[in-house]
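One is the number of the first residue; the rest follow in order along the sequence.
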Amino acid sequence: MKIKEILANCNLLEIKGNKDIDILDITFDSRKVSEGSLFFAVRGSQVDGHDYIGKAIEKGAKAIVCELLPAELADNVTYIQVDNSAYVLGVSAANFYGNPSKKLKLVGVTGTNGKTTIATLLYRLFSNAGYVCGLLSTIENIVSREIIPSTHTTPDPIELNQLLDKMTAAGCEYAFMEVSSHSIDQERIAGLDFTGGIFTNLTHDHLDYHKTMANYRNAKKKFFDQLPSKAFALTNLDDKNGAFMLQNTKAQKLGYALKHDADFKGVVLESHFDGMLLKINGTEVFTRLVGNFNASNILAIYGAALSLGFDKDELLVEISKLTGANGRFDMVYSTCGIIGIVDYAHTPDALENVLSTINAVRDHKESLITVVGCGGNRDASKRPEMAVAAVKMSDRVILTSDNPRFEDPDEIIRQMKAGIANEDLGKVLSITNRSEAIRTAVALAKKGDIILLAGKGHENYQEINGIKNHFDDKEKLSEAFKERE
């Protein structure tokens, strides 16, 4: 492919060398450079790609995209200077793969909580109705019915466009994807053509990266600022940042809410552990999902589907068939009468939502035991908040290890415990080994009690010192139940 075709619609400051060369491959990873590659020198939070330009040329790169030209320019190499390599990478990746997002109806979902559930349920909704669809999510990527393991909430621009290209080749008409704040800030979605965007909520998370809530909020808003006029922008008006997301968007502005007037208004009429009865815009529908946070997710799905042309009557029927995403309020029943719930809740707000849901449904004659930890090498400021939420809304709490990564799990637990008032410490246990913590919760539980395992959800590993060891909360809980029988 000609380099000028790859760099179409990019702002180029200066070109040194042959402007009409053929490129065989594109990459921003010097380890993946091969003969004839175009290498993008991208500045990351940990590594600066400009430091690897020489290595890329040694491995056969024919052209370099960079923000700063090297002091010495190699012969027979074309250098393209730009003001933002990350943005140009996104647009170039889309060009290189034939702009696949323009051949799909692509909907992005952003927010702190609910992204996975909404994207996954939209994929299932449209697939069940007979449409060929794609999904890009934290749990998995799906091309039609082919499952491809996921490593990031939102892939890098090259992988992202490769997956979208596979979707178009497979005949996909729709694609639903999670859009993380990191991916927006790092321009991973640059060059994509979105049909719609959905905002879920904004709560405490990722401050290790964004530093302030204002930066985090503005990263989300940037996604809506960039939506085209032909797209729809659907926001949660129950969230204090919901209306803010739409202030500068050119897209059609739509809102959904449980507490406020909105285009898509919902009311929870009944709530049980096996589902809830909702009224959406005056029409009742039963859903197998549980809790106000899932009622909000259903409203987002309803609004997005109608915006995409889904028949209203058929939509309500299909919504009634949907089940939750893996690891999201996932019920695990035992023969000994104990109810287990596995949930990905890893922010204070998400944990409060899950606990509020459980407390609203249970009769309070039983005990609620929460097992929770916090991930290492991530936002540490939310650790005491997580512990406080667990203690405030549970009868017993076991603080344990999540994915400690390169941190000391005992120190993470100590930081969590620091937020707990002295008078509440009596109902808290600290058990670093997560397997032992789960077994202890089951041993403490009586018939009718509820155990919540929070933080890992769908994950089937525990990351310790850079090694991912197999660990599945649902498996561990089921094993502990069998030991108890």
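With Asn403 as the fixed residue, the side chain to side chain donor-acceptor pair (under 3.5 Å) test singles out one of Glu459, Glu463, Lys468, Gln462: Glu459.
With hydrogens and angles ignored, the 3.5 Å screen pairs a side-chain donor or acceptor of Ser37 with a backbone N or O of Ser34. Side chain of Asn294 to main chain of Val290: a donor-acceptor pair is present (N/O by atom type, distance under 3.5 Å, no hydrogens or angles). Ser183 places no side-chain N or O within donor-acceptor distance of the main-chain N or O of Val179, the cut-off being under 3.5 Å. Listed for the Glu146 side chain is no donor-acceptor partner under 3.5 Å among the backbone atoms of Val143. Under the 3.5 Å distance criterion, the side-chain polar atoms of Ser229 are left unmatched by any main-chain donor or acceptor of Ala251. Thr235 places a side-chain N or O within donor-acceptor distance of the main-chain N or O of Gly242, the cut-off being under 3.5 Å. When atom types are taken as modelled, the side chain of Lys62 and the backbone of Asp22 share a donor-acceptor pair closer than 3.5 angstrom. Proximity of a side-chain donor or acceptor of Asp48 to a complementary backbone N or O of Asp51 within less than 3.5 Å is not detected. No donor-acceptor pair closer than 3.5 Å links the side chain of Asp165 to the backbone N or O of Asn161. Lys115 places no side-chain N or O within 3.5 Å of a backbone atom of Val109 that could act as its donor or acceptor partner.
Environment of NZ in Lys265: crowded, with over 12 heavy atoms of neighbouring residues, nucleotides or ligands closer than 6.0 Å. For OH of Tyr97, the number of neighbouring non-hydrogen atoms (other residues, nucleotides, ligands) closer than 6.0 Å is greater than 12. Atom NZ of Lys2 has more than 12 heavy atoms from other residues, nucleotides or ligands within 6.0 Å. Residue Phe232 places its CZ atom among more than 12 non-hydrogen atoms of other residues, nucleotides or ligands, all under 6.0 Å distant. Few gaps surround CG on Asn465; more than 12 heavy atoms of other groups in view lie less than 6.0 Å from it.
Residues passing the side chain to side chain donor-acceptor pair (under 3.5 Å) test with Gln415 are Arg383, Glu411, sequence neighbours excluded. Partners of Arg31 under the side chain to side chain donor-acceptor pair (under 3.5 Å) rule, at least two apart in sequence or in another chain, are Asp29. Every residue was checked against the ring pair (Phe, Tyr, Trp, His ring centres under 6.0 Å) condition with His50, not counting sequence neighbours, and none meets it. For the side chain to side chain donor-acceptor pair (under 3.5 Å) test, no residue two or more places apart in sequence or in another chain qualifies with Glu35. Glu475 pairs by the side chain to side chain donor-acceptor pair (under 3.5 Å) definition with His470, not counting sequence neighbours. By the side chain to side chain contact (heavy atoms under 4.5 Å, CB included) test, Asp239 pairs with Phe199, Asn201, Leu202, Asn236, Asn241, sequence neighbours left out. Checked against salt bridge (Lys or Arg N to Asp or Glu O under 4.0 Å), Glu58 has no partners two or more places apart in sequence or in another chain. Partners of Asp330 under the salt bridge (Lys or Arg N to Asp or Glu O under 4.0 Å) rule, at least two apart in sequence or in another chain, are Lys474.
Pairing each heavy atom of Gly255 with each of Ala262, the nearest pair is O-CB, 3.5 Å. Taking all atoms of both residues into account, the shortest heavy-atom contact from Glu178 to Ala119 is CG-CB, 4.2 Å. For the residue pair Lys55 and Ser30, the shortest heavy atom distance occurs at CD-OG, 3.7 Å.
Expressed to the nearest 0.5 Å, how far OG of Ser401 lies from CD1 of Ile413 amounts to 6.5 Å. Note that CG of Leu315 is 6.0 Å distant from CG of Leu125, once rounded to the nearest 0.5 Å. Taking CG of Asn248 as the reference point, atom CG of Leu227 lies at 12.0 Å (rounded to 0.5 Å). Here the CD1 atom belonging to Ile464 is positioned 5.0 Å from the CG atom belonging to Asn469, to the nearest 0.5 angstrom. Taking OG of Ser435 as the start and CG of Leu477 as the end, the distance is 11.5 Å to the nearest 0.5 Å.
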| Verdict with reasoning, Asn11 to Tyr87, per side-chain contact (heavy atoms from CB on, under 4.5 Å) | CA-CA 10 Å; Asn11 182 31; Tyr87 178 82; over 6 Å; no
| message | The test is salt bridge (Lys or Arg N to Asp or Glu O under 4.0 Å); show your working for Asp408 and Arg414 and say whether it passes. | response | CA-CA 10 Å; Asp408 177 0; Arg414 189 197 66 75; over 6 Å; no
| task | Show your reasoning for whether side-chain contact (heavy atoms from CB on, under 4.5 Å) applies to Asp402 and Cys374. | result | CA-CA 5 Å; Asp402 189 296; Cys374 286; 5.5 Å; no
| said: Test side-chain contact (heavy atoms from CB on, under 4.5 Å) on Ile189 and Met177; report intermediate values, then the result. | reply: CA-CA 11 Å; Ile189 59 170; Met177 68 176 285; 4.2 Å; yes
| said: Assess the residue pair Arg188 and Glu159 against the criterion (salt bridge (Lys or Arg N to Asp or Glu O under 4.0 Å)); give the C-alpha distance rounded to whole Å, side-chain angles, the decisive distance to 0.1 Å, and a yes or no. | reply: CA-CA 10 Å; Arg188 286 185 236 159; Glu159 182 186 0; over 6 Å; no
| said: The test is side chain to side chain donor-acceptor pair (under 3.5 Å); show your working for Asn215 and Asn218 and say whether it passes. | reply: CA-CA 5 Å; Asn215 290 341; Asn218 291 339; 5.0 Å; no
| request: Kindly determine whether Leu192 and Leu164 satisfy side-chain contact (heavy atoms from CB on, under 4.5 Å), including the steps that lead there. | output: CA-CA 10 Å; Leu192 298 189; Leu164 292 172; 3.8 Å; yes
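Inspection of the Asp349 and Asn113 side chains reveals an N or O donor paired with an N or O acceptor under 3.5 Å.
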Show every donor-acceptor pair shorter than 3.5 Å between a side-chain atom in residues 126-137 and any protein atom, with sequence neighbours excluded, or say none if there are none.
| unit_1 | atom_1 | unit_2 | atom_2 | d |
| --- | --- | --- | --- | --- |
| Ser127 | OG | Tyr123 | O | 2.8 |
| Asn128 | ND2 | Arg124 | O | 3.2 |
| Ser137 | OG | Ile139 | N | 3.3 |
| Ser137 | OG | Glu140 | N | 3.1 |
| Ser137 | OG | Glu140 | O | 2.7 |

Contacts table for residues 99-108: side-chain donor-acceptor under 3.5 angstrom, sequence neighbours left out:
| unit_1 | atom_1 | unit_2 | atom_2 | d |
| --- | --- | --- | --- | --- |
| Asn99 | ND2 | Asn95 | OD1 | 3.3 |
| Ser101 | OG | Asp193 | N | 2.8 |
| Lys103 | NZ | Gly98 | O | 3.4 |

Tell me which donor-acceptor pairs under 3.5 Å the side chains of residues 66-75 have, and how far apart each pair is, sequence neighbours excluded?
| unit_1 | atom_1 | unit_2 | atom_2 | d |
| --- | --- | --- | --- | --- |
| Glu67 | OE1 | Arg43 | NE | 2.9 |
| Glu67 | OE2 | Ser85 | N | 3.0 |

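Ring-plane geometry between Phe223 and Phe194 is classed as perpendicular, the angle between the planes exceeding 60 degrees on a 0 to 90 degree scale with a lower cut at 30. Relative orientation of the Tyr174 and Phe176 rings is parallel, given thresholds of 30° and 60° on the angle between their planes.
Applying the side chain to side chain donor-acceptor pair (under 3.5 Å) test to every pair with at least one member in residues 249-264, sequence neighbours left out, gives these pairs: Asp238-His260.
Stacking of Lys32 on the aromatic ring of Phe39 is not recorded, the 6.0 Å distance cut-off and the 45° axial limit not both being met.
Using a 4.5 Å heavy-atom cutoff, the side chains of Leu122 and Ile118 are in contact.
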